[in-house]
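All heavy atoms count here, side chains included; hydrogens, waters and symmetry mates do not. Read the numbers this way: they start at 1 and go in the same order the structure lists the ligands and their atoms.
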Amino acid sequence: MLNGEFGAGTQKAMELLVAIGDAYDAEKMIPISRAHAASSGQEGDLYFVELLADGGAKCRVPTSTNPVYDIKYFHRLFDVPKDEAEVARRVMEAYKRVGAILSWSCVPYLSENIPLYGEHVAFSESSATPYVNSVIGAYTNREAAQSALAAGIIGKTPKYGLHIKENRKGTTLIDVRASLRDEFDYTLLGYYVGKAVGYGIPVLTGIPRPPNTEELINFCAMSNTSGAISMFYFPGYTVEASKVKEAFQGDTPKEKITVTDKELRGVYEELQTTSEKADFVQLGCPHYTLKQIGKVAELLNGRKIREDSSFWVCTSATAKLLADKSGYTSTIEKAGGHVVVDTCIDEPCWVAYKQKVGMTDSPKGAYYRRFKEVRVARLQDCVEAAVNGKGR
Ligand code: F3S
C-alpha cells in the first residue's frame, strides 16, 4: 500500500497513518473493524477526501460520516452562498466515491456504525471518541476527520495511545457533588470537567444514578469540546472499571477536583453572551435522539412558534425517519419548527446564523459562535423562548 501498488489514494492514506505512527513511536499497525470520519463542508476536508477519491481509494471497513449539509433545505430556510454549498456538495460526493456510509450524523454509534466492547476502531468527532471508549468499551484514539478516513481506507491504525490498555488509566479524580437533575446538567458538568482537566482521563465519583444515553452523549460532547477528553470513567456505570481503583489501574490520581452546583452555575453564566430575545432556536448538537425529538414534540404540541423566530432540531436521517413515523415531525412542523437532517450548526454554508441571536441547549453549539450572540438554556426554556419570547 505504501509503495503505491494499491493505487495513489490508498498510498496517500497509508502515508498519513505511517507518519502518525512514527510521530507516536507506534510499534506496528493493528486492524480496525470500523471508523467514523468527522467530515464537514469545509475546504480542508474537501481537499483530503477528493485526493483519496481521485486516487481510487475505497473504504476497507465500514466508515460513517459526520454532518455536512442538507440539500433539501438549500432554498427553503435560508439563502446559502453558492460557493459554500458547492464545497459541501463536493465533500458529500467524494465520501460517496470512497464508499463511506453516508450517515451524515455525529452520533453514528447509536444506529449506523456501532462498535462492540473491545473492538479497535478509529472514531473522530467530539462525542463519538469518548462515547465509544468509555460507554461501549471499544478502543479508539482521538482521531481527526483525515486520520479516521485514512484508517477506514486502510482498515488499520497505528498502535499507540488509547489502543494500549496501560494508557487508559485515569488521571484526575472528580468528586461530583452537584445535583445533576437532567441531561442539561450533564452538558454543564461536561463543559466544566473538560475545561478543568484539559487533556486527561477523568474519573468521576458521586454520579447520583445511572446516567441515560442522552446524558452520556452530552457529557462526552461537552468535555471533548471545552477540553480534550477522549475517555472518562463513571465507575460502576461505564464499562471498563467498576471501582475507582481499577480506573486508576492501582495508581493514585494526579489531581482531585470537586464539582458542586456552584461550579455548574458558573459555567451556565459564562456561556451566555446576551440576555436579548432569541430569534433562532437551534437544538440537536449533538444530533438529537428520537427520544429528545419526542420531548420537543410534546412541548410544542398545539402551540405556535413566533413568526419572527426560527426553530431547528438537527438530527440523523435514521432518527428523523422514526420521528416521521411517530408523528413527532408533523407536530413540530405544525408549530412552525423544522426537523433538519444531515447538517449541524457548525457548517460554513449556514451563514444566516451570523445575524441572529441564537438560543440552544448545547454549550458546544454556543462555543462555535456561529450566532451573533447566544444564550444557552434547558430545552424547556428554549421552547418557551421560541413560542412566547420568554424562557430564561
Ligand atoms: Fe454534532 Fe455539529 Fe454539534 S457535529 S456535536 S451537531 S457541532
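- In summary, an N, O or S atom of C344 is located under 2.8 Å from atom 2 (Fe) of ligand 1.
- A salt bridge does not link E86 to K82: none of the charged side-chain nitrogens sits closer than 4.0 Å to a carboxylate oxygen.
- Salt bridge annotation for D361-R378: absent, with no cationic side-chain nitrogen under 4.0 angstrom from a carboxylate oxygen.
- Counting protein heavy atoms only, atom 5 (S) of ligand 1 is closest to K364 NZ, 3.2 Å.
- Between F234 and Y186, the ring-plane angle classifies as tilted under the 30° and 60° cut-offs.
- Under a 4.0 angstrom heavy-atom cut-off, G284 registers as being in contact with ligand 1.
- The residues E240 and K165 are annotated as salt-bridged, a charged nitrogen and a carboxylate oxygen being separated by less than 4.0 angstrom.
- Within ligand 1, the atoms closer than 4.0 Å to a non-hydrogen atom of C285 are 3 (Fe), 5 (S), 6 (S), 7 (S), numbered from 1 in the order shown.
- Under 4.0 Å from ligand 1, the heavy atoms of C106 that appear belong solely to its side chain.
- Less than 4.0 angstrom separates some heavy atom of N66 from each of these atoms of ligand 1: 4 (S).
- Residue contact annotation: E347 has no non-hydrogen atom under 4.0 Å from ligand 1.
- Y367 and Y191 have perpendicular rings, their planes meeting at more than 60° on a 0 to 90° scale where under 30° would count as parallel.
- Using a 30° and 60° split on the angle between ring planes, F219 and F232 fall in the perpendicular class, above 60°.
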